[in-house]
Chemist: 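Quick one: the structure is below, and I'll ask about it shortly.
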Amino acid sequence: TIKHNKERREQLENDLSQLNQSERSALEHITQDEKILAEVTQQITTLSPEIEQQANQLQAADEALQLAESAMQDWQQDWDSYQEESARVNQDVEVQKTQIRHAEMMVERGSNRLAQLQSELSSIVVDPEQSGLDELKQTLAQQKTELASTTEIVTTTRQQLQDSRDKRDQQQTELQRLQAELQQLEGEKVKLSALQQASLQSDNEVLEAWLNDNQISRTTLAESITVESGWELAVETVLANELSGLMISENELSVDELLTLSGSGQSLYIASDIEASGGILDVMQSDFALPSWLADIALSDSASDALNKRHNLAANQSIISKDGLWVGPNWVRIASTKDSEEGIIAREQRLREITATHKGKLSTYQSLESGLQVTRNAIKSIEQEWQNQQNIVSERNRDIAKLSADISAIESKLTHDEGRRERLANDISAVNEQIDSETNKLAQHRRTLETMIESMTTILAQKTSCLLY
C-alpha cells in the first residue's frame, strides 16, 4: 500500500508539473493573440471604406451571378433536353443499326442456307431413268421371262426324265420277264434235249469212234426232218429206229469206212439230188433227200379207213393212219406209243420250236438290254441336263433376288429422296419467305434510320444553338 501511495504521489506530482507548464504556455498564447487582435483592429479601421466598396461590388456581382445562373439554368435545361433527345435518338439509331445488322445477318444466313439447300436439292436424283431403275426393271422382267422359259424347259426335262425312268422300269420288268422265260425255255430245252439224246444216242462204240475219226457231225434223221402237224405219230411209227439214222454227205461215204461199221446196225442217209415225193413224204420236209421207199406209204386219216384200203394195196405198198396204224397187204404194225407228243419227232419239233422261240426271245432280250443301256445313258444325260437346268434356275433365282433387292433399295431411296426433296423444297420456300421478311424488315429499318438521321440534323442544330448561347 505504501508503495502504491508512493507511486500515486509521484504520478500526481508529474501531472501537476505538466499542468503548470500548460498554464504558462496558455498565457503566452493569450499574450500573442492580444497583440494580433490589436493589429487586426488597427487594420480594420484602416480598411473599412475599401471593404464597403467591395461589399457594393459583391452585391452587384451577386445580382449578375443570379442572372447568369438563371440563364445557365435555361441553357442547362436546353442542353439536358438536347442530351436526352440526342441520347434517345442515338439509342434508337443504335437499335436500328443493331436491327439492320441482325436483319442483314439473317438475310445472309438465309441466303447461305438457301444456297446450301439448293445445292443439296440439286444433288438428289429422283428420276428413275437417271437412277438406272428402269433398266434394272427391264433386266428383272427379262430374267423372269428367261426363268419362266427355263422353268418350263426344266418341267419338260423332268417329264422326259420321268418318262425315261418309267421306260427303264418297264424295260427292266420286261427283261426280267424275258429272262424268266428264257430260263424256263432253257430248262425245258435241256430236259427235252436230254430225253432226245437218250432216245437217239447210240451206245455203239464203233460208231462213235468212226464219227470222231472222220470228224462227222452227228445229225440224225429225226433232227433233219420236219413233219406236218398231226402226222408226227404216223411218221414216227413208220421210221421207228430209223429216226436215229445218221445224215452224211457223199464224200463221207467209202467202202473201207463203211466196213468198219460192220455189226453196228446203223442206218446212214446219204445226201443226193434225187428227190422222191408222194405218200408219207408229202407230210415231211428235209434238207436231205429222204428214202424213196417212203413214197410207197400212203396216208389215211383214220385206222378204219386204212384197214378198208388194205386189200387194194400192191406188195410194195402200205398205208399209215394219223393215229399210227401202219397197214400192209398182209401185215399191220401198231404204234409203240399212244401220245404223239411223247414221241421223238414231236419232241424234236418241240425242241425246234423252243430253240426258235429262245432265239427270238434272246434276240428280243439282247435288243431290249441294248435299249435299256441306251435308256440308262439317256437318263444320265437327261439327269445331267436337268441338273444343269436346275443350276441355271437357281442362278436366275439368285439374280432375280439380287435385282429385286437392288430395285427395292433404289425405290426406297427414291421414295426417301422424294420425301427429302419435298422437305428441302418446303425448307427453301420457308427460307425464301424468311429472307423476304428479313429483307422487308431491313428496308423498313433503313428507312427508319434515315428518318432518325434527319432528326439528328435538327438536334445537331439545337446543339450548335446551345453552344453559341
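A quick note: this is a predicted structure, and the numbers were derived from the prediction, not measured.
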Chemist: May I ask you to test the Lys189-His358 pair for a side-chain heavy-atom distance under 4.5 Å?
Modeler: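 With C-beta onward as the side chain, the pair stays apart.
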
Chemist: Would a distance-only check, ignoring hydrogens and angles, find a side-chain to backbone donor-acceptor pair under 3.5 Å from Thr173 to Asp169?
Modeler: yes

Chemist: When you compare the side chain of Ser404 with that of Leu140, does any pair of heavy atoms fall below 4.5 Å?
Modeler: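 Contact flag for Leu140/Ser404 side chains = yes.
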
Chemist: Applying side chain to side chain contact (heavy atoms under 4.5 Å, CB included) to Gln142 and Glu146, what does each step give before you reach the verdict?
Modeler: CA-CA 6 Å; Gln142 182 179 358; Glu146 292 177 357; 3.3 Å; yes

Chemist: Enter the distance from Gln387:CD to Ile392:CD1 here, rounded to the nearest 0.5 Å.
Modeler: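 That separation rounds to 11.0 Å.
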
Chemist: Give me the atom names and distance for the closest heavy-atom approach of Leu313 to Gly328.
Modeler: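 Of all heavy-atom pairs spanning Leu313 and Gly328, the closest is CD1-C, 3.9 Å.
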
Chemist: Side chains of Thr237 and Ile320, heavy atoms from C-beta outward: is any pair under 4.5 Å?
Modeler: yes

Chemist: Check this for me: does any side-chain nitrogen of one of Asp163 and Lys167 sit under 4.0 Å from a carboxylate oxygen of the other?
Modeler: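 Looking at Lys167 together with Asp163, the answer is no, because their closest N to O distance does not fall below 4.0 Å.
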
Chemist: Which residues pass the side chain to side chain contact (heavy atoms under 4.5 Å, CB included) test with Ala303, not counting sequence neighbours?
Modeler: Ser321, Asp323, Leu325

Chemist: Distance-only, no hydrogens or angles: does the Asn308 side chain make a donor-acceptor pair with backbone N or O of Ser304 under 3.5 Å?
Modeler: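 It does hold such a pair.
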
Chemist: Go through Ile334 and Trp326 one step at a time and tell me if the side chain to side chain contact (heavy atoms under 4.5 Å, CB included) criterion holds.
Modeler: CA-CA 6 Å; Ile334 301 171; Trp326 189 13; over 6 Å; no

Chemist: Which pair of non-hydrogen atoms, one from Ile319 and one from Leu299, has the smallest distance, and what is that distance?
Modeler: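 In this case the closest contact between Ile319 and Leu299 is CG2-C, 4.3 Å.
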
Chemist: Do Lys144 and Ile400 make a side-chain contact, defined as non-hydrogen atoms from C-beta onward lying under 4.5 Å apart?
Modeler: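 Yes; the side chains approach each other to less than 4.5 Å.
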
Chemist: Give, for atom CD1 of Ile435 and atom CZ of Arg109, the distance between the pair rounded to the nearest 0.5 Å.
Modeler: 12.0 Å

Chemist: May I ask you to decide if Thr145's main-chain N or O and Ser149's side chain share a donor-acceptor pair within less than 3.5 Å?
Modeler: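 Not at all, since once roles are kept as given, no pair shorter than 3.5 Å links the two residues.
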
Chemist: Go through the structure and list residues passing ring pair (Phe, Tyr, Trp, His ring centres under 6.0 Å) with Trp386, not counting sequence neighbours.
Modeler: none

Chemist: Hey, could you give me the OG/CD distance between Ser394 and Gln389, rounded to the nearest 0.5 Å?
Modeler: 12.0 Å

Chemist: Drop me the distance from Ile280's CD1 to Ser300's OG, to the nearest 0.5 angstrom.
Modeler: 11.5 Å

Chemist: Looking at Pro329, is its backbone amide N or carbonyl O close enough to the side chain of Arg310 to form a donor-acceptor pair, meaning the two atoms are under 3.5 Å apart?
Modeler: yes

Chemist: Using the salt bridge (Lys or Arg N to Asp or Glu O under 4.0 Å) rule, collect all pairs that involve residues 351-367, keeping only residues at least two apart or in two chains.
Modeler: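 Listed by first then second residue: Glu181-Lys361, Glu348-Arg352, Arg350-Glu353.
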
Chemist: Is a donor from one side chain sitting under 3.5 angstrom from an acceptor on the other, for Glu422 and Asn426?
Modeler: no

Chemist: Examine distances only and state if a side-chain atom of Thr355 and a backbone atom of Leu351 form a donor-acceptor pair shorter than 3.5 Å.
Modeler: yes

Chemist: Where do Ile225 and Ser286 come nearest, in terms of heavy atoms and distance?
Modeler: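 Distance-wise, the nearest heavy atoms are CG2-CB, 3.9 Å.
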
Chemist: For the side chain of Thr139 and the backbone of Glu135, is there at least one donor-acceptor N/O pair under 3.5 Å apart?
Modeler: yes

Chemist: Could you tell me the separation between the CE atom of Met284 and the CG atom of Leu290, rounded to the nearest 0.5 Å?
Modeler: 4.5 Å

Chemist: Are there over 12 heavy-atom neighbours, none belonging to Gln184, within less than 6.0 Å of that residue's CD?
Modeler: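 12 or below, so no.
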
Chemist: Verify whether one side chain among Gln384 and Asn388 offers a donor that lies under 3.5 Å from an acceptor in the other.
Modeler: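 Indeed, the side chains of Gln384 and Asn388 share at least one donor-acceptor pair under 3.5 Å.
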
Chemist: Output yes when a side-chain donor or acceptor of Gln349 lies under 3.5 Å from a complementary backbone atom of Val227, and no otherwise.
Modeler: yes

Chemist: Using the rule given for side chain to side chain donor-acceptor pair (under 3.5 Å), can you reason through Asp166 versus Gln162, listing the C-alpha separation, both sets of side-chain angles and the distance that settles it, and then say yes or no?
Modeler: CA-CA 6 Å; Asp166 292 343; Gln162 185 60 46; 3.0 Å; yes

Chemist: For Ser367 and Thr364, run side chain to side chain contact (heavy atoms under 4.5 Å, CB included): C-alpha distance rounded to whole Å, both residues' side-chain angles, the deciding distance at 0.1 Å, then the answer.
Modeler: CA-CA 5 Å; Ser367 176; Thr364 302; 5.7 Å; no

Chemist: Can any side-chain N or O of Gln172 pair as donor or acceptor with the backbone N or O of Gln170 at less than 3.5 Å?
Modeler: no

Chemist: Go through the steps to decide whether Gln390 and Thr157 satisfy the test side chain to side chain contact (heavy atoms under 4.5 Å, CB included), and finish with yes or no.
Modeler: CA-CA 10 Å; Gln390 285 288 96; Thr157 304; over 6 Å; no

Chemist: Quick check: do Ile153 and Thr156 have side-chain heavy atoms less than 4.5 Å from each other?
Modeler: no

Chemist: Work out which heavy atom in Asp296 is nearest to a heavy atom in Asn316; give both atom names and the distance.
Modeler: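 It is CB-O, 3.3 Å.
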
Chemist: Determine whether Arg165 and Ile379 make a side-chain contact, defined as any pair of heavy atoms from C-beta on separated by less than 4.5 Å.
Modeler: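 Result yes, sub-4.5 Å side-chain heavy-atom pair found.
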
Chemist: Answer yes or no: is there a side-chain heavy-atom contact under 4.5 Å between Gln116 and Arg113?
Modeler: yes

Chemist: Once you round to the nearest 0.5 Å, how far does OG of Ser164 lie from CG of Asn377?
Modeler: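 The CG atom of Asn377 is 11.5 Å from OG of Ser164, to the nearest 0.5 Å.
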
Chemist: Run the numbers on Asp427 and Arg423 for salt bridge (charged side-chain N to carboxylate O under 4.0 Å, His left out), then give the verdict.
Modeler: CA-CA 6 Å; Asp427 291 344; Arg423 289 192 298 271; over 6 Å; no

Chemist: Quick check against the 3.5 Å criterion: does Thr155 have a side-chain atom that pairs as donor or acceptor with the backbone of Thr151?
Modeler: yes

Chemist: Are Ile345 and Leu233 side-chain neighbours, meaning at least one heavy-atom pair lies under 4.5 Å?
Modeler: no

